[in-house]
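Position 1 is the first residue of the sequence; numbering continues from there. Both ligands and their constituent atoms are indexed starting at 1 by order of listing.
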Amino acid sequence: MCRHLGWLGDPVSVSSLILEPANGLLVQSYSPRRQKHGLLNADGWGVGFFDGAAPRRWRSAAPLWGDASLASVAPALRSGCVVAAVRSATVGMPIEPSASAPFTDGAWLLSHNGVVDRAVLPVSRSAESTVDSAILAAHIFAEGLDNLADSVRTVGEADPSARLNILVANGSRMLATVWGDTLSVLRRPDGVVLASEPYDDHPDWQDIPDRHLVEVTAAGVEVTALA
Ligand code: GLN
């Protein structure tokens, strides 16, 4: 399982979300606290954020802890909508920058924690990589994000051993599913964080139960059952 984090709220720096917290994605890359599958996340990382309506990404196939540049640039990257991830590659999957989340269709940024049998997904010409997560992302984009709950349920029925924790955002909306791994929410005065695991020990973090969908908009956070 990889670890991901999403932010929707006032503009904040990428470094305040992933590098500075005591247990942020940087620390989760070598010492995650809640990871059930895999010990660390050394197979790449990605930071995506919205600059107006445009999704921008910086992805790598190397460990986040060894990156020579992100710490210098991340304080200057400010956005009201961020999707970031660190990766633990599933056995047999390629390790390349294009296999690191977030994936995009030009409007949304999507990360996947988990694994899915690629044989249950339609063949896609728009997948960015042959990694299962990229093919799943292409499928979800094709079905449309308004149908995320149905897409996850249908793929989960086709592959009962799949783990399908999705995190996806478009600048004004952030959606996440919990299907086989952990997800926590932190409501801050300046916005909302969704994360595979809390980035610190603040008492306001809440765990989302398995098989649920979370939707975050300016109107607030809505949690609904998936199964
Ligand atoms: N299956 C995906 C990959 O190989 C995601 C892995 C994960 O969540 N650890 O990249």
Engineer: Charged N to carboxylate O under 4.0 angstrom, Asp132 versus Arg163?
Structural biologist: no
Engineer: Assess, by modelled atom type and distance only, whether the side chains of Glu20 and Ser15 contain a donor and an acceptor separated by less than 3.5 Å.
Structural biologist: yes
Engineer: Minimum heavy-atom separation for Leu148 to Ile140, with atom names?
Structural biologist: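 So the minimum-distance heavy-atom pair works out to CD1-CG2, 3.8 Å.
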Engineer: When you measure from the heavy atoms of Ser133 to every atom of ligand 1, does any distance fall below 4.0 Å?
Structural biologist: yes
Engineer: Look up atom CH2 in Trp179 and atom CD1 in Ile166, then write down how far apart they are to the nearest 0.5 Å.
Structural biologist: 11.5 Å
Engineer: Going by heavy-atom distance to atom 5 (C) of ligand 1, choose the closest among Ala162, Ser129, Gly114, Ser111.
Structural biologist: Gly114
Engineer: Residue-level breakdown please: for Cys2 versus ligand 1, do any non-hydrogen atoms fall below 4.0 Å on the side chain, on the backbone, on both, or on neither?
Structural biologist: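 The answer is both.
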Engineer: Give the atoms of ligand 1, by number and element, whose distance to some non-hydrogen atom of Ser88 is under 4.0 Å.
Structural biologist: 6 (C), 7 (C), 9 (N)
Engineer: Do Arg3 and Asp181 meet the salt-bridge criterion of a basic N to acidic O distance under 4.0 Å?
Structural biologist: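 Between Arg3 and Asp181 there is a salt bridge, with a charged N closer than 4.0 Å to a carboxylate O.
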Engineer: Just to be sure I read this right, does ligand 1 sit under 4.0 Å from the backbone of Asp43, its side chain, both, or neither, counting only heavy atoms?
Structural biologist: neither
Engineer: Could you list the atoms of ligand 1 found under 4.0 angstrom from a heavy atom of Met93?
Structural biologist: 4 (O)
Engineer: Could you pull out the closest heavy-atom pair between Leu110 and Ala101, with the gap in Å?
Structural biologist: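 Smallest interatomic distance, heavy atoms only, reads O-CB, 3.9 Å.
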Engineer: Using a strict 4.0 Å cut-off to heavy atoms of Thr90, name the atoms of ligand 1 that fall inside it.
Structural biologist: 1 (N), 2 (C), 3 (C), 4 (O), 6 (C)
Engineer: Which of the numbered atoms in ligand 1 are under 4.0 angstrom from any heavy atom belonging to Asn113?
Structural biologist: 8 (O)
Engineer: Under 4.0 Å from a heavy atom of Val131: which atoms of ligand 1 are those, numbered in the order shown and with their elements?
Structural biologist: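 Listed by number with element, the hits are 3 (C), 4 (O), 10 (O).
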Engineer: With Arg34, which residues qualify under salt bridge (charged side-chain N to carboxylate O under 4.0 Å, His left out), at least two apart?
Structural biologist: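 Arg34: salt bridge (charged side-chain N to carboxylate O under 4.0 Å, His left out) contacts with Asp207.
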Engineer: Counting from 1, what ligand 1 atoms have a heavy atom of Asp132 closer than 4.0 Å?
Structural biologist: 1 (N), 2 (C), 3 (C), 4 (O)
Engineer: Quick check: closest heavy atoms across Val115 and Ser161, and the distance to 0.1 Å?
Structural biologist: CG1-O, 4.5 Å
Engineer: Any nitrogen or oxygen of Ala99, main chain or side chain, under 3.5 Å from a nitrogen or oxygen of ligand 1?
Structural biologist: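 No, Ala99 has no N/O under 3.5 Å of an N/O on ligand 1.
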Engineer: Verify whether one side chain among Ser111 and Asn113 offers a donor that lies under 3.5 Å from an acceptor in the other.
Structural biologist: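 Ser111 vs Asn113: no donor-acceptor pair found between side chains.
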Engineer: Would you mind running through ligand 1 and noting each atom that sits below 4.0 Å from a heavy atom of Arg87?
Structural biologist: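 Numbered from 1, ligand 1 contributes 3 (C), 4 (O), 10 (O).
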Engineer: Please list, in number order, the atoms of ligand 1 under 4.0 Å from a heavy atom of Ala89.
Structural biologist: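 Every atom of ligand 1 under 4.0 Å from some heavy atom of Ala89: 4 (O).
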